[in-house]
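The block underneath contains the structure these notes are about, expressed in structure tokens.
These values consider heavy atoms only, across backbone and side chains, with no hydrogens, waters or symmetry-generated copies.
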Amino acid sequence: MSDEKVQKKSFLGIFEKLKKIKHLDIILTILFIAIILLIYFSSFNFSFTKDNNSNSNSQSTQPMSKFDEYALSLTNQIENLVCSINGAGSTKVMLYFEESIKTEIAYTVETKTLSDGTKVEVKSPVLIKNDGVEEPIILQETMPKPTSVIIVASGAKDTNVKLEILRCVQAMFEISSSKIEIFAGN
């Protein structure tokens, strides 16, 4: 019983120390908001940055997802296009997406009548077996558009080149110039 009293006293001592801290409610509120913001911002997807001069023969140990392949392909296309602008020079591109691939799957809809007479529609995905694993039938996949683009180009010191790059990216994605940042690189 003496161990219980010691634990109870130490717990009460800690509790009393916490009660003496000024503005504890504000500190806990800020901590709670910080945790929520951390969870919120960790849900965004970023794509890759790729240097034109990097070694493309290096192989990854993990297979890339469809989204990663799409983002890398789009990044490469932008880099190649921007590099072809007169005076742009070497470029690096980073894309930001707020969403991922939108997948539309096939469903079956059954109408069931409950005991009280109300009718309920039950929607179930249509599944097929692929190598022993059941997967839903995918009707359509829609790739997301980038919501913002960052470009570093060695020729972006020239205002005309910078404007040409900006117009090129705006035409590709139909996004406002405020969502496109262009910086001069080495």
Side-chain angles (χ1 to χ4, degrees), residues 29-107 123 125-128 130-131 133-186:
T29 303
I30 291 171
L31 183 64
F32 181 71
I33 291 171
I35 290 170
I36 289 176
L37 288 174
L38 181 66
I39 293 169
Y40 175 75
F41 285 114
S42 68
S43 67
F44 288 115
N45 295 314
F46 287 91
S47 76
F48 301 96
T49 58
K50 181 191 149 294
D51 186 355
N52 276 346
N53 301 326
S54 67
N55 184 1
S56 61
N57 294 333
S58 61
Q59 294 183 353
S60 175
T61 56
Q62 293 181 346
M64 295 177 79
S65 69
K66 281 185 182 180
F67 178 78
D68 292 340
E69 288 176 4
Y70 167 73
L72 185 60
S73 171
L74 206 52
T75 301
N76 289 336
Q77 289 175 14
I78 296 169
E79 285 178 354
N80 291 334
L81 192 60
V82 171
C83 282
S84 67
I85 294 174
N86 189 22
S90 65
T91 61
K92 293 180 183 179
V93 173
M94 181 174 181
L95 302 175
Y96 176 75
F97 301 86
E98 282 191 7
E99 49 192 44
S100 191
I101 300 171
K102 291 181 183 176
T103 306
E104 185 180 332
I105 61 174
Y107 288 99
K123 194 175 178 182
V126 178
L127 301 174
I128 58 168
N130 188 8
D131 294 331
V133 178
E134 286 190 337
E135 297 175 342
I137 295 177
I138 298 173
L139 298 176
Q140 180 180 8
E141 286 184 331
T142 306
M143 298 298 184
K145 289 190 334 184
T147 54
S148 61
V149 181
I150 299 172
I151 298 175
V152 178
S154 60
K157 295 172 192 151
D158 181 355
T159 307
N160 290 331
V161 172
K162 198 172 188 176
L163 286 172
E164 291 293 319
I165 294 171
L166 178 67
R167 288 180 48 221
C168 174
V169 175
Q170 276 184 304
M172 286 180 76
F173 301 116
E174 298 176 359
I175 57 177
S176 70
S177 60
S178 65
K179 303 280 184 170
I180 303 168
E181 291 292 334
I182 303 167
F183 300 99
N186 296 332

Rounded distance (nearest 0.5 Å) linking atom [atom1] of [X] with atom [atom2] of [Y]:
X      : Y      : atom1 : atom2 : result
Ile101 : Lys66  : CD1   : NZ    : 6.5 Å
Glu104 : Glu141 : CD    : CD    : 11.0 Å
Gln140 : Thr103 : CD    : OG1   : 9.5 Å
Thr75  : Asn80  : OG1   : CG    : 11.0 Å
Lys162 : Ile151 : NZ    : CD1   : 11.0 Å
Ile182 : Ile150 : CD1   : CD1   : 11.0 Å

**Asked** Does CD belonging to Glu134 count more than 12 external heavy atoms closer than 6.0 Å?
**Response** yes
Do [X] and [Y] make a side-chain contact, defined as non-hydrogen atoms from C-beta onward lying under 4.5 Å apart?
X      : Y      : answer
Leu95  : Ile78  : yes
Met143 : Leu74  : no
Val93  : Val149 : yes

So which atom in [X] and which in [Y] form the shortest heavy-atom distance, rounded to 0.1 Å?
X      : Y      : answer
Gly185 : Val152 : CA-CG1, 3.6 Å
Pro144 : Phe67  : CG-CE1, 3.6 Å
Ala88  : Val161 : CA-CG1, 3.7 Å
Ile165 : Ala153 : CD1-CB, 3.9 Å
Leu81  : Met172 : CD2-SD, 3.6 Å
Gly89  : Cys83  : O-SG, 3.5 Å

**Item:** Check against side chain to side chain contact (heavy atoms under 4.5 Å, CB included), Gln170 and Leu166
**Value:** CA-CA 6 Å; Gln170 276 184 304; Leu166 178 67; 4.0 Å; yes
**Message:** Is the terminal nitrogen or CZ of Lys145 (NZ for Lys, CZ for Arg) located under 6.0 angstrom from the six-membered ring centre of Phe173 and within 45° of that ring's axis?
**Reply:** no
**Prompt:** Under a 4.0 Å N-O cut-off, is there an ion pair linking Arg167 with Glu164?
**Reply:** yes
**Prompt:** Under 30°, 30 to 60°, or over 60°: which ring-plane class applies to Tyr70 and Phe97, parallel, tilted or perpendicular?
**Reply:** tilted
